[in-house]
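Each chain gets a letter, A, B and so on, in the order the sequences are listed, and its residues count up from 1.
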Amino acid sequence: GDSVTQTEGPVTVSESESLIINCTYSATSIAYPNLFWYVRYPGEGLQLLLKVITAGQKGSSRGFEATYNKETTSFHLQKASVQESDSAVYYCALGDPGNYKYVFGAGTRLKVIA
Amino acid sequence: EAGVTQSPRYAVLQEGQAVSFWCDPISGHDTLYWYQQPRDQGPQLLVYFRDEAVIDNSQLPSDRFSAVRPKGTNSTLKIQSAKQGDTATYLCASSRDWVQNTLYFGAGTRLSVL
């Protein structure tokens, strides 16, 4: 079946350091999966961070970026300089435009320390 | 616009008891999803609807779980006889259509089965 694997947390990074959270996917039943990063900040609900629907394209939001790499089936999340406010749980997900179905990874808890 | 509303926020049950979760999606969103999220795991799809029709309930434990969306707006997820393994957060999400391509999540209902 379709699946998403991401960096196992928790991940602790110092403020102003760079970050990468790995995400790889398997889309055996989806010809052209769409890829997403969702985030849950403390005390809040899950919300979309960024999305990319075309292989080879890059998405960006709030200083984060991720590139859809079909060759390596990856969608790693990166940020050049993290802030304490980036502390949250990040979920990689793939979506099937054929049936409006989404599959989520297990989530990566990020803690940014001052 | 108002977000996705879920109730109750918390529920604590003994094994064998029944519980219902209610979801009010964003107005105009035709697709509604129910996800189960065990602690430290990602959301796992239980069932989703397009308007009032069930599109996929293959992951719903049909002997104890049921879900309805009779008028294509609000939805109810019910567990007939809860088990300790049902302990999780139950998330409702809605989307307008695939062009928008974004899930909007409610705050979730945290269920504990003792």
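Under a cut-off of 6.0 angstrom, the local environment of CD in A:Gln78 is crowded, with over 12 non-hydrogen atoms contributed by other residues, nucleotides or ligands. A 6.0 Å sphere centred on CZ of B:Arg50 holds more than 12 heavy atoms belonging to other residues, nucleotides or ligands. Counting non-hydrogen atoms of neighbouring residues, nucleotides and ligands closer than 6.0 angstrom, the CD atom of A:Glu8 reaches no more than 12 such neighbours.
Of the inter-residue distances, the one linking A:Lys51 atom NZ with B:Thr102 atom OG1 reads 3.0 Å to the nearest 0.5 angstrom. For the atom pair OH (A:Tyr102) and OH (B:Tyr33), the distance works out to 5.0 Å, reported to the nearest 0.5 Å. Between A:Leu48 atom CG and B:Tyr104 atom OH the span is 7.5 Å, to the nearest 0.5 Å.
Hydrophobic clustering keeps B:Val47 apart from B:Trp22 (ILVMFWY residues linked when any side-chain heavy atoms are closer than 4.5 Å, directly or through intermediates). Under the 4.5 Å side-chain heavy-atom criterion for Ile, Leu, Val, Met, Phe, Trp and Tyr, B:Trp34 and A:Val103 are members of distinct hydrophobic clusters.
Residues passing the side-chain hydrogen bond (donor to acceptor under 3.5 Å, both in side chains) test with A:Tyr41 are A:Arg62, sequence neighbours excluded. Take B:Asp40 and apply the salt bridge (charged side-chain N to carboxylate O under 4.0 Å, His left out) test, not counting sequence neighbours, and it matches no residue.
Nearest heavy atom pair, residue A:Tyr91 against residue B:Gln37, reads OH-NE2, 2.8 Å. Of all heavy-atom pairs spanning B:Tyr48 and A:Tyr100, the tightest one is CE1-O, 4.0 Å. Across A:Gly105 and B:Pro43, no two heavy atoms sit closer than the pair O-CD, 4.4 Å.
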Side chain to side chain contact (heavy atoms under 4.5 Å, CB included) between A:Leu46 and B:Leu91, intermediate numbers included: CA-CA 9 Å; A:Leu46 265 172; B:Leu91 298 170; 4.1 Å; yes

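Interface residue B:Leu103: backbone and side-chain heavy atoms are both found under 4.5 Å from chain A.
Heavy-atom pairs under 4.5 Å with chain B were tallied for A:Cys92, A:Gly45, A:Ala106; the largest tally goes to A:Ala106.
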